[in-house]
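So you know, we letter chains A, B, ... as the sequences are listed, proteins then strands, and number each from 1.
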Amino acid sequence: MEHKIIEKKWQDYWYNNNLFKASDDSEKPKFYSLVEFPYPSGAGMHIGHVRAYSGLEVVSRKKRMEGYNVLFPIGFDAFGLPTENYAIKTKIHPREITDKNINVFTKQLKSCGFSFDFDRVIDTTDENYYKWTQYIFLKLYNAGLAYRSHTYVNFCPSCKCVLSNEESQGGICDRCGSNVIQKEKDVWFLKITEYAQKLLDGTEGLESNPRVKTEQINWIGRSEGAHIDFKLKEANDALRVFTTRADTIYGVTFMVIAPEHPILEKYEHLIKNLDEVNKYKEEATHKSEFERVELQKNKTGVKLIGLTAINPISSKEIPIYISDYVMMGYGTGAIMAVPAHDSRDYEFAKKFGCEIIPVISGSDTLPYTDIEKGNMINSPLIDGLSVKEAIPTMISKISELKVGERTVNYKMKDWAFNRQRYWGEPIPIIYCDKCGIVPVPYEDLPVKLPFIKDFEPNENGESPLSKVESFVNCTCPKCGGKARRETDTMPQWGGSSWYFLRFTDPKNDKEFASYEKMQKWLPVDWYSGGMEHVTRHLIYSRFWNEFLYDMNLVPVQEPYKKRGLCGLILGSDGSKMSKSKGNVIDPLDIVDQYGADVLRLYILFISDYEMATPWNNESIKGCARFLDKVEALDSMVDKNSHEYSKSLKVLINQTIKGVSSDIDNSKFNTAISKLMILVNAYSEKESVTLLDYEVLLKLLNPYCPHMAEELWHRYHDDSIQFEPYPTYNENDLIEDTCLMVISINGKVRDKVEISRGLSDDEVKEIVLSRDRVKSYIESGYKKIIIIKDKIVNIVV
RNA sequence: GGGAGAGUGGCGGAAGGGUAGACGCGAUGGUCUCAAACACCAUUGGAGCAAUCCGUGUGGGUUCAAGUCCCAUCUCUCCUACCA
């Protein structure tokens with residue numbers, strides 16, 4: 001069949017007639033299937049996109065046939081670095097590049113025949129969209145969940161730009177490849193930590209692969225323990241630590257604080273070796289991520305002279321060190337060091353000659369970190385207790401004395417939310433000399449991104465927007481005086497944190513989405529995407545949704561009911577596809593050569609949907625042959641027969657059942673193999689009935705809709721897209737006879753066709769009378785096990 | 001260091017404790033062709049003429065029966081990382 005002609009024909013038909021439009025007022029049950037919307041890069045659609053969309057595409061087409069009102073939307077997450085970098089290089093404006101890329105992408109999506117509702121396309125860089133991204137930011141700000149703080153961040157000294165953790169992976173700047181350092185800057189944070197427990201609880205009900213849950217749980221990183229205050233000898237103040245091991249408090253022989261710890265500045269005047277301390281601090285902040293990891297085992301630090309802590313339980317005086325093995329970002333940025341029972345503290349103590357006091361019996365070799373075995377020693381208040389008893393006992397003691405309390409700590413950190421970039425949503429904040437930080441009033445949104453030509457950040461690492469005076473200068477909404485705008489923009493993750501809400505009502509200019517429409521469509525029934533977004537986008541978007549839910553602006557607490565995973569397609573050499581390796585497969589080449597139907601079929605047949613799998617240019621031929629076979633069946637169809645062929649009835653029923661449940665479980669590969677088996681069975685016959693053939697086409701339609709539609713129209717006038725999905729008859733799933741496998745001592749020796757449902761005695765009689773069996777049990781047998789209609793095992 | 005997942009033919013991969021290798025690719029032989037490509041038919045885990053034996057990373061175990069369950073161990077991939 002000429003795929004180029006028929007694919008074009010049916011795509012025009014579907015898209016021109018808006019066949020996949022989701023209806024806001026249909027009586028049918030709703031189904032919201034969502035794929036992670038793409039970043040419209042200049043390189044166009046990648047083979048990975050095809051796999052990602054083909055999965056839910058099949059689900060969505062099937063759901064429509066099953067009578068659901070399906071919302072299967074697509075959009076573009078178009079703000080971001082690659083476009084901005086491309087703009088810097090080519091001097092073409094990001095707006096122009098984005099529009100062009102979105103156009104190309106849309107064409108490519110349509111050339112695959114994906115059944116997205118193209119009436120609901122959203123573009124995060126459209127001011128009618130980012131207006132609401134800014135609106136939600138203001139909501140967060142007004143709720144106290146967006147705050148500004150002066151702190152250390154990743155900074156690229158060459159680009160003079162602050163980077164997020166994502167943009168500085170491995171301590172290397174994404175843009176120029178220089179080593180990233182830590183620099184003190186003003187940073188906007190979103191207080192995602194306030195939602196840590198809710199996010200943790202919310203993972204409970206999510207339908208998904210266990211990996212998705214575990215990774216989120218680990219990322220949130222809840223740990224139970226206590227805050228303990230260690231008084232300072234030289235000042236009326238205390239150093240607060242977080243610990244999960246309150247039991248070891250008698251073993252504390254020193255304290256360690258992070259180089260960025262505020263106590264250093266606060267008590268500068270008391271520190272006698274300030275020069276040495278500051279020098280260490282300077283070095284630590286300039287260490288790249290790479291160096292910190294490299295030097296992991298080699299602990300460094302400086303003892304503070306002039307500051308001493310006092311153990312609140314033993315009253316012992318203990319020294320304080322500064323070292324970069326303690327992180328400001330976790331717990332309180334200070335620890336009580338117990339070298340006898342913590343390997344990091346032990347290494348440090350060995351190097352710096354600190355005292356080591358064991359407080360748990362059980363081993364002669366230190367550090368001893370097993371909490372299961374051993375009892376407390378050298379610990380007057382808790383001697384003799386096990387570790388597990390000692391922890392709560394000591395925590396109660398500490399709260400009694402009011403020097404600390406039970407607490408829960410989360411590994412997750414607040415979300416650094418500003419970037420010194422042009423191509424992002426402007427943060428809607430104004431700075432007034434009189435009034436301080438003033439949020440832009442809701443009615444003044446959007447704060448539009450001005451159209452400029454120079455996208456480079458300035459010398460001080462300030463956003464390109466800081467150079468645009470017409471943007472920066474403004475009046476204070478509170479006092480009407482002169483004021484300045486925030487010139488930083490939001491990160492990549494902003495617009496994508498709520499896009500699934502917008503799809504329910506994409507053109508609304510009064511609200512980000514109407515409550516009624518969200519009520520109709522939410523939650524997302526099936527959200528499909530890659531593992532790489534599980535600890536970022538998935539957490540971020542759940543956070544925004546939960547926040548909006550608490551504000552009564554969204555009807556569901558958790559936005560996603562089910563999260564499906566899609567694995568990577570690797571190059572045929574088994575490594576990640578990349579231009580430099582030259583192993584990139586362009587999906588459009590495949591569409592051109594074999595057609596969209598073959599590509600869609602093969603990308604799902606290639607392996608289990610969740611697994612990473614290498615592409616294979618040879619194997620795809622099998623799928624092309626399969627479709628040829630389907631078409632060849634057309635000439636065998638007996639148009640006058642509207643019942644199943646007798647000999648195919650059971651197989652057809654089994655196939656309907658199997659294919660359907662495979663799709664529901666994202667086992668697209670085995671569903672396709674079942675269709676192949678069915679087609680092979682058809683091909684062996686002289687002719688098939690019209691009904692046989694129609695069922696096949698319907699089952700095939702979600703995968704290869706162009707072909708199914710074309711062949712369907714040879715017998716019908718209407719589209720196949722909304723034909724009822726085939727159902728099976730429970731009574732027609734099994735044959736009257738079954739193949740009984742006979743094994744002797746667990747090894748298959750014989751097989752016999754018998755009628756189904758025979759009693760054990762009847763089976764025994766048949767089996768034992770067989771010559772082949774007799775030859776094995778001449779001298780009798782010990783035992784015979786019969787599994788009805790399946791297998792017999794004789795133990796000799 | 002911590003967590004998760006995975007090891008099955010030449011390759012991609014199938015197998016609710018019950019015929020290991022479904023389905024597809026590739027390969028071999030054949031038909032068609034002057035020839036090739038396509039297509040079609042047959043074979044295809046290994047050894048053996050055969051009966052049969054051996055086979056799911058490795059070593060144990062449970063069971064009438066183990067790729068599947070249990071214990072130990074090795075390797076690979078991903079995530080995370082001095083997490084106190």
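Within the 4.0 angstrom heavy-atom criterion, only backbone atoms of the sugar-phosphate kind lie near Val795(A); the bases stay farther away. Residue Asn218(A) is in sugar-phosphate contact alone, with no base atom involved, counting any heavy-atom pair closer than 4.0 Å across all strands shown. Residue Lys751(A) is classed as a base contact, given a heavy-atom separation below 4.0 Å to a base. Asn680(A) comes within 4.0 angstrom of the backbone, heavy atoms only, and of no base. Tyr776(A) comes within contact range of the sugar-phosphate backbone alone, with a heavy-atom separation under 4.0 Å but no base atom that close. Residue contacts shown for Ile677(A) are limited to sugar-phosphate atoms, with no base heavy atom under 4.0 Å away. Contacts of Leu739(A) with the nucleic acid, taken as non-hydrogen atoms under 4.0 Å apart, include base atoms. Looking at heavy-atom distances under 4.0 Å, Lys783(A) makes contact with sugar-phosphate atoms alone, never a base. In this structure, Arg222(A) reaches neither bases nor backbone, as no heavy-atom distance under 4.0 Å exists between it and the strands shown.
Not a single side-chain contact (heavy atoms from CB on, under 4.5 Å) links Glu765(A) to another residue, sequence neighbours left out. In this structure, Glu405(A) has no side-chain contact (heavy atoms from CB on, under 4.5 Å) partners at least two apart in sequence or on a different chain. Residues passing the side-chain contact (heavy atoms from CB on, under 4.5 Å) test with Ser223(A) are Phe242(A), Thr244(A), Tyr330(A), Asn409(A), sequence neighbours excluded. Listed by chain and number, the residues in a ring pair (Phe, Tyr, Trp, His ring centres under 6.0 Å) with Trp219(A) amount to none (sequence neighbours excluded). Under the side-chain contact (heavy atoms from CB on, under 4.5 Å) criterion, Ser208(A) pairs with Leu206(A), Val212(A), Lys213(A), Arg563(A), sequence neighbours left out. With sequence neighbours excluded, the residues satisfying ring pair (Phe, Tyr, Trp, His ring centres under 6.0 Å) with Phe348(A) are Phe254(A), Tyr321(A), Tyr325(A), Phe352(A).
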Listing time: all N or O pairs from protein to nucleotides 36-44 of chain B that are below 3.5 Å?
residue, atom, partner, partner atom, Å
rA39(B), OP1, Arg625(A), NE, 3.1

Produce the list of close N/O pairs, under 3.5 Å, pairing protein atoms with atoms of nucleotides 9-14 of chain B; give distances to one decimal.
residue, atom, partner, partner atom, Å
rG12(B), O2', Ile606(A), O, 2.6
rG13(B), OP1, Thr613(A), OG1, 3.4
rA14(B), OP1, Asn669(A), ND2, 3.2

Please produce a list of atom pairs where a protein N or O lies less than 3.5 Å from an N or O of nucleotides 69-75 of chain B.
none

So which protein N/O to nucleotides 54-57 of chain B N/O distances come out below 3.5 Å?
residue, atom, partner, partner atom, Å
rC54(B), OP2, Lys747(A), NZ, 3.2

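The separation of rA84(B) from rG13(B), taken at their P atoms, amounts to 37 Å, rounded to a whole angstrom. rU77(B) and rA22(B) are spaced 29 Å apart, taking the P atom of each and rounding to whole Å. rG10(B) and rA6(B) have their P atoms separated by 23 Å, given to the nearest Å. Of the C1' atoms belonging to rU8(B) and rC23(B), the separation is 16 Å, rounded to the nearest Å. Between rG21(B) and rG45(B), the two P atoms lie 9 Å apart (nearest whole Å). Rounded to a whole angstrom, the distance from the C1' atom of rU68(B) to that of rA15(B) is 9 Å. A gap of 15 Å separates the P atoms of rG67(B) and rG61(B), to the nearest Å. Look at the C1' atom in both rC11(B) and rU44(B): the space between them is 14 Å, to the nearest Å.
In this structure, of rG18(B), rC53(B), rC82(B), it is rC53(B) that holds the atom nearest to the side chain of Arg749(A). Nearest to the side chain of Arg211(A), among rC64(B), rA84(B), rG5(B), sits rG5(B). Across rA65(B), rC82(B), rG16(B), the shortest atom-to-atom separation from the side chain of Lys790(A) is found for rG16(B). Comparing rG16(B), rC64(B), rC79(B) against the side chain of Glu215(A) picks out rC79(B) as the nearest. The side chain of Ile791(A) sits closest to rU19(B) out of rC53(B), rU19(B), rC83(B). Between rG18(B), rA84(B), rA4(B), one nucleotide has an atom nearer to the side chain of Thr214(A) than all others, and that is rA4(B).
Between Ser223(A) and Lys674(A), the residue anchored nearer the 5' end of RNA chain B, judged by the nucleotide with its closest heavy atom, is Lys674(A).
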Got a list of side-chain donor-acceptor pairs under 3.5 Å for residues 738-749 of chain A, not counting sequence neighbours?
residue, atom, partner, partner atom, Å
Ser743(A), OG, Val792(A), O, 2.9
Ser743(A), OG, Asn793(A), OD1, 3.1
Asn745(A), OD1, Val796(A), N, 2.9

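Within 6.0 Å of atom NZ in Lys685(A), more than 12 heavy atoms from other residues, nucleotides or ligands are found, so the atom counts as buried in its surroundings. A 6.0 Å sphere centred on NZ of Lys764(A) holds no more than 12 heavy atoms belonging to other residues, nucleotides or ligands. Within 6.0 Å of the CD atom in Glu753(A), the count of heavy atoms belonging to other residues, nucleotides or ligands exceeds 12. The environment of NZ in Lys351(A) is crowded: more than 12 heavy-atom neighbours from other residues, nucleotides or ligands sit within 6.0 Å.
Atom CD1 of Ile249(A) sits about 4.5 Å away from atom CZ of Phe230(A), to the nearest 0.5 Å. Considering SG of Cys566(A) and NE2 of His533(A), their distance stands at 12.0 Å, rounded to 0.5 Å.
Taking both residues in full, the closest heavy atoms of Leu599(A) and Pro587(A) are given as CD2-O, 3.7 Å, listed atom of the first, atom of the second, then distance.
Side chain Lys299(A) to base rC82(B): a donor-acceptor pair is found below 3.5 Å.
When only modelled atom types and interatomic distance are considered, Thr193(A) and Asp414(A) share a side-chain donor-acceptor pair under 3.5 Å. Inspection of the Lys411(A) and Asn218(A) side chains reveals no N or O donor paired with an N or O acceptor under 3.5 Å.
In rG9(B) the O4'-C1'-N dihedral to the base is within 90° of 0, which defines a syn nucleotide.
Here Asp760(A) does not pair with Lys788(A) in a salt bridge; the nearest charged N to carboxylate O distance is not below 4.0 Å.
If you check residues 527-534 of chain A against RNA chain B, you find no residue with a heavy atom closer than 4.0 Å.
Remark: rC23(B) base-pairs with rG12(B). Criterion, Watson-Crick or G-U wobble with two distances under 3.5 Å.
Taking the six-membered ring where the residue is Trp, the centroids of Trp415(A) and Phe189(A) are separated by 6.0 Å or more.
The backbone N or O of Met394(A) lies less than 3.5 Å from no partner atom in the side chain of Asp247(A), so there is not a single donor-acceptor pair.
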